[in-house]
Amino acid sequence: MAGGILDRSYAPGNLNQVRIPKDGGGFRVLDVPPVADRVVERCLLKVVTPHVDPSLSQAAYGFRPGLGAADAVQRVALLRDDGMTWALRSDVDECFPSLPGELAVQRLLELLPDHSVEWLVKALVGRRTATRRGLRDVQGLAQGSALSPLLCNLVLRDLDESFAEAGHQVVRYADDFTVVGRSEANMRQARAVAEAAVRRLGMRLEPSKTEIMSFREGFCFLGEDFGPKYPPALPDHRIDVPSTKVLYVGVSGSRVRVKNGRVIVTSKDDLDLLDVPSSHLERLVLFGPVGLSAGARAWLLWEGLETVFVSKRGSFAGVLSSVPSSLRAERLRAQVTLAPDHALGLARSLIESKLRHQATLIQRFAAPEFADDLKPKLEMVRRMTAMCPLATSAEELMGLEGASAKSYFEALSMLVPAELSFPARSRRPPLDLFNAALGYAYAVLLGECVSALMAAGLEPSLGVLHSDHDKRPSLALDLMEEFRPYVVDQVVMRLCRSGSLTAGHAKPGKGPGVLLTKAGKGILLDAYERRMLQVTRGALPGFAGSIRRHLYRQAQRIALHLADAEYGWTGLSWR
């Protein structure tokens, strides 16, 4: 079979129609490939999924690696707890038989880097099925083929995008979906959007399964009975708390020391603020005027634990790390001698991933009342994303990133509660709480990026996108790009919209601008840490772990890409 695929002589067999009785009566009709063809389909799916998954909507939870029904249920529960008390429940009538197969194949092929598997995709999708009455053509897509769910997601992306443009929050699992909102009127609008979207695809909603209801009345979605409180939104969903943790110390004048196998933090008045076993420490982050004893410094270096220094205002200052690596010299030479085209290719991918995440974040917090104003902002971000592969220099890429950032932050300013007043992005100093929280968390994230690059044997100051001046860690800033919206912006938006961060968590600084209060810093760091501990699978092909592990993995993948241009670096899929 392998030879037949390599020389393109392989021809898949006919499908076999199977009728499976349904619990409520009737039959589910599947068109199932022969065993050998199923193996080929699974292998092909493994090859094409990394190219397809990043393009899928953040609303799609079915048939995607690392996502499932439990994640979809949690998303609906979280939206309900955010005040969305009404829901539209529906699915697509006879979804797979009515899917436009040619459109599905076209969209798949557009996302692939070359035409090497085009013949195989078309051969697998264009088969006939054996029924009791002989061979016949398959209507739509074969429900039973391993490729069909992925192709279904590509077609129903139109439905997801229609909801996004109208500002509606939807959770879709295959063709089964729930839209949630704050009023019955919003749900009537959502129904009209859904009917128009599927009609354009030549499909229709299932009338008997399309209903508007409130959470008070209750409804079932993906086997869960939703009500005003059940199922609960679980704060620990997909969070795996490790045995070792990051210690954040920000008490002005405090001091960190190590004694008898314990890490002790004392105040300037010699009062013990914290006393934990040293074996529980993963890394140390110090904010502002916090001392570090000589013994603690020696112990941290000996154990290979990084210490990140951040200013009181939230600016990254540096990292203390031993970082032993036998590959460091080899990788440093690769960085210094990096060809311009090689560097530009990586820079394009970094910015493209960041902008894709910006669009996703806007969609995750959108609302119908802002739809008309958000639409041009979202379109600008997407337009800049599409132009990234065409950029011929780092300067052009930074121009695209800047244009996207302007629209992106204008969109976020509409979605932040009015009392927090976030008119625009401001730095050094931040002029409001939202900007102060972003800057503070960015500094912490930058420290992690420096540590990840050093652990990968790379020099953080030699960037491919950011220029190497002012002693800044340019490559760490490059690595951080896709994690800004993926981690920090999402965390800050959720804290502000949930009321966890309020205007009272900002205080005047010395001169213009504001600083976060001690309580505000604690809330932000706790939420940041929880996001970094969230475990996911499918964001990167064949990789699973916490988002912090993904950060370190992306640094390792940059090292591999810099050493070998054939090793393609790709951004994270949103999870």
Side-chain angles (χ1 to χ4, degrees), residues 246 282-285 300-301 303-310 315-354 393-394 397-398 401 442-484 486-488 532 539-543 545-572:
V246 179
E282 177 182 327
R283 64 202 307 264
L284 184 64
V285 183
L300 288 162
L301 289 171
E303 294 294 329
L305 302 179
E306 295 97 349
T307 302
V308 179
F309 298 91
V310 181
S315 298
F316 172 75
V319 170
L320 173 69
S321 177
S322 56
V323 192
S325 175
S326 58
L327 295 173
R328 189 167 179 80
E330 177 185 338
R331 289 179 174 174
L332 182 59
R333 281 193 291 269
Q335 283 184 265
V336 172
T337 59
L338 189 64
D341 288 347
H342 193 170
L344 181 60
L346 176 58
R348 288 191 191 109
S349 298
L350 289 163
I351 293 300
E352 187 175 356
S353 182
K354 176 185 181 177
S393 67
L397 275 172
M398 294 303 284
E401 190 277 336
Y442 285 156
V444 177
L445 178 59
L446 182 57
E448 296 217 45
C449 290
V450 170
S451 298
L453 291 169
M454 294 177 70
L458 295 172
E459 171 50 54
S461 65
L462 297 177
V464 297
L465 181 66
H466 292 84
S467 57
D468 49 350
H469 65 80
D470 296 336
K471 299 181 180 179
R472 66 182 181 181
S474 301
L475 188 60
L477 289 168
D478 296 345
L479 172 62
M480 187 170 74
E481 289 293 0
E482 70 169 335
F483 287 92
R484 289 177 184 262
Y486 190 71
V487 175
V488 174
M532 293 299 281
L540 289 174
F543 188 77
S546 68
I547 290 178
R548 177 166 285 126
R549 282 195 63 200
H550 280 76
L551 174 66
Y552 276 72
R553 178 57 181 161
Q554 287 295 67
Q556 294 168 355
R557 295 177 78 229
I558 286 178
L560 293 171
H561 178 76
L562 295 179
D564 180 4
E566 295 300 317
Y567 182 90
W569 188 94
T570 55
L572 300 167

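In this chain, numbering begins with 1 at the start of the sequence shown.
- Taking CG of Leu551 as the start and CE of Met532 as the end, the distance is 5.0 Å to the nearest 0.5 Å.
- Remark: Ala394 pairs with Leu465 by the side-chain contact (heavy atoms from CB on, under 4.5 Å) rule, at least two apart or across chains.
- Between Pro460 and Met454, the closest side-chain pair of non-hydrogen atoms falls below 4.5 Å.
- Side-chain contact between His342 and His561 is present, with at least one heavy-atom pair separated by less than 4.5 Å.
- Looking at residues two or more places apart in sequence or on another chain, you find a salt bridge (Lys or Arg N to Asp or Glu O under 4.0 Å) between Glu448 and Arg283, Arg548.
- Scanning for ring-ring contact (aromatic ring centres under 6.0 Å, His included) contacts around Tyr552 gives an empty result, with sequence neighbours left out.
- The heavy-atom pair separating Gln554 from Gly571 by the smallest distance is NE2-CA, 3.9 Å.
- Taking the side-chain contact (heavy atoms from CB on, under 4.5 Å) definition, one finds that Ser393 meets it with Glu395, Glu396, sequence neighbours left out.
- Counting only heavy atoms from C-beta outward, the side chains of Arg549 and Phe543 approach each other to under 4.5 Å.
- Summarising the geometry of Glu306 relative to Ser321, their closest heavy-atom pair is CG-OG, 3.5 Å, with the distance given to 0.1 Å.
- Residues Ser315 and Val310 form no side-chain contact, since every pair of their non-hydrogen atoms from C-beta on lies 4.5 Å or further apart.
- Minimum heavy-atom separation, Leu462 to Leu475: O-CB, 3.4 Å.
- Although no hydrogens or angles enter the test, the distance criterion places a donor-acceptor pair under 3.5 Å between the side chain of Glu482 and the main chain of Leu572.
- Nearest heavy-atom pair, Leu350 versus Glu481, reported as atom, atom and distance to 0.1 Å: O-CB, 4.5 Å.
- For Phe483, there are no ring-ring contact (aromatic ring centres under 6.0 Å, His included) partners at least two apart in sequence or on another chain.
- No side-chain heavy atom of Leu446 sits less than 4.5 Å from a side-chain heavy atom of Val308.
- With a 4.5 Å cut-off on side-chain heavy atoms, Val319 and Thr307 do not count as touching.
- Proximity of Trp569 to Ile558: side-chain heavy atoms (C-beta onward) are separated by under 4.5 Å at one or more points.
- Under the rule for a salt bridge (Lys or Arg N to Asp or Glu O under 4.0 Å), Arg553 has no partner lying at least two apart in sequence or in another chain.
- Listed by chain and number, the residues in a side-chain contact (heavy atoms from CB on, under 4.5 Å) with Leu301 are Arg297, Leu320, Ser322 (sequence neighbours excluded).
- Counting all heavy atoms, side chain and backbone alike, Ala476 lies closest to Val450 at CB-CG2, 3.6 Å.
- Put simply, the side chain of Glu282 does not reach to within 4.5 Å of the side chain of Leu305, judged on heavy atoms.
- Under the rule for a ring-ring contact (aromatic ring centres under 6.0 Å, His included), His466 has no partner lying at least two apart in sequence or in another chain.
- Contact detail for Phe316 and Gly447: the closest heavy-atom pair is CE1-CA, 3.4 Å.
- For Glu459, the salt bridge (Lys or Arg N to Asp or Glu O under 4.0 Å) criterion is met by Arg328, not counting sequence neighbours.
- In this structure, Asp478 contributes its side chain and Gly463 its backbone to no donor-acceptor pair below 3.5 Å.
- A search for side chain to side chain donor-acceptor pair (under 3.5 Å) contacts involving Thr570 returns Arg557, not counting sequence neighbours.
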Start with the C-alpha distance between Tyr486 and Ile547, add both sets of side-chain angles, then the distance that settles side-chain contact (heavy atoms from CB on, under 4.5 Å), and finish with yes or no.
CA-CA 10 Å; Tyr486 190 71; Ile547 290 178; 3.9 Å; yes
